[in-house]
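No experiment lies behind these values; they were computed from the predicted model shown.
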Amino acid sequence: MDIATIVNFSLLTLMILIVVVLIRLQSLLAIALSSGIYSLLSAGLFVTMDAVDVAFTEAAVGAGITTVLLLGAIAVTGRKQTVSRHGRFLPLAVITITGAALIYGTLDMPPFGDPGAPIHTHVAPHYLTQSAEEIGIPNVVTSVLASYRGYDTLGEVIVIFTAAVGVLLLLGRTTGSGRK
């Protein structure tokens with residue numbers, strides 16, 4: 001086995017161990033920190049697969065911002081998880097239906113790595129061959145995100161900002177006779 005395979009196997013093993021630990025934890029603080037570690041491990045896995053742009057996003061959002069937001073929410077709400085008022089059937093049903101819908105959505109996809117897939121025959125060749133000339137940026141990923149898909153990227157930033165404002169508004173509310 002080469003070193004890349006050993007590193008990938010080690011990262012996947014650590015990720016599986018973190019998932020097992022996450023399932024067994026009761027402390028919300030430990031869950032938030034373990035989730036951040038999981039995101040950092042997955043960012044490392046993305047780096048080994050030469051997807052540095054995805055790894056950077058996972059490290060920044062998954063291990064960084066999400067962990068900070070979770071820790072902020074825990075600081076406001078408390079460290080211990082309360083007992084659920086409903087049974088386990090409803091969440092299990094929602095997860096099962098969502099998983100089935102996601103699997104159904106993938107049935108029409110072309111086989112993995114198929115060179116005749118639409119993504120490889122329509123837009124991607126243009127991006128790969130013309131982006132440096134049209135945009136003036138040598139990195140294809142940067143040119144796609146900053147120029148060709150600029151409005152999509154702006155939309156994603158707006159969604160993240162709106163979610164952050166919503167979380168802050170929810171955390172800022174007080175209960176009782178004070179302001180609502």
Requested in this report: Compare all side-chain heavy atoms of Leu25 with those of Ser34 and state whether any distance is below 4.5 angstrom.
Outcome: yes
Report summary line: d(Ile3 CD1, Asn8 CG) to nearest 0.5 Å is 10.0 Å
Query raised in the report: Any side-chain donor-acceptor pair under 3.5 Å between Asp2 and Thr5?
Result: yes
Requested in this report: Output the rest of the hydrophobic cluster of Ile16: all Ile, Leu, Val, Met, Phe, Trp and Tyr residues reachable through side-chain heavy-atom contacts under 4.5 Å, sorted by chain and number.
Outcome: none
Query raised in the report: Cluster partners of Val94, using ILVMFWY side-chain heavy atoms under 4.5 angstrom, listed by chain and number?
Result: Leu90
Query - Ser35 side-chain N/O to Ile31 backbone N/O, donor-acceptor pair under 3.5 Å - result: yes
Report task. List, by chain and then residue number, the residues other than Tyr151 in its hydrophobic cluster (Ile/Leu/Val/Met/Phe/Trp/Tyr, side-chain heavy atoms under 4.5 Å); write none if there are no others. Result -> none
Query - Test item: Thr48 side-chain N/O and Leu45 main-chain N/O as donor-acceptor pair under 3.5 Å - result: yes
Query raised in the report: Rounded to the nearest 0.5 Å, how far does CG of Leu40 lie from OH of Tyr38?
Result: 12.5 Å
Query raised in the report: How does the hydrophobic cluster around Leu33 look, that is, which other residues are in it when side-chain heavy atoms under 4.5 Å mark a link?
Result: Leu29, Leu71
**Report entry** Nearest-0.5 Å distance, CD1 of residue Ile37 to OG1 of residue Thr67
**Finding:** 9.0 Å
Report task. Verify the cluster assignment for Phe46 and Met15: are they in a single hydrophobic cluster under the rule of side-chain heavy atoms below 4.5 Å apart? Result -> yes
Query - Common cluster, Leu41/Met49, ILVMFWY with side-chain heavy-atom separation under 4.5 Å - result: yes
Query raised in the report: Considering residues at least two apart in sequence or located in another chain, which fulfil the side chain to side chain contact (heavy atoms under 4.5 Å, CB included) criterion with Ile74?
Result: Leu28, Ala32, Arg79
Report summary line: So OG1 of Thr121 and CG of Asp114: to nearest 0.5 Å the spacing works out to 9.0 Å
Query raised in the report: Is there a chain of hydrophobic side chains (I, L, V, M, F, W, Y, each step under 4.5 Å between heavy atoms) that links Val21 to Ile23?
Result: yes
Query raised in the report: Just by distance, do the side chain of Ser143 and the backbone of Val140 share a donor-acceptor pair under 3.5 Å?
Result: yes
Report task. Just grab all the ring-ring contact (aromatic ring centres under 6.0 Å, His included) pairs involving residues 116-135, residues at least two apart or on different chains. Result -> Tyr127-Tyr148
Query raised in the report: If you take all heavy atoms of Ala55 and Ala43, which pair is closest and at what distance?
Result: CB-O, 3.3 Å
**Report entry** Within one Ile-Leu-Val-Met-Phe-Trp-Tyr cluster: Ile18 and Leu11, side-chain cutoff 4.5 Å
**Finding:** yes
Query raised in the report: Rounded to the nearest 0.5 Å, how far apart are CD1 of Ile97 and CG of Leu92?
Result: 10.0 Å
Query raised in the report: Between the main-chain N or O of Ala63 and the side-chain N or O of Thr66, is there a donor-acceptor pair closer than 3.5 Å?
Result: no
Query raised in the report: Is Val123 reachable from Val144 through a run of hydrophobic residues whose side-chain heavy atoms are each under 4.5 Å from the next?
Result: yes
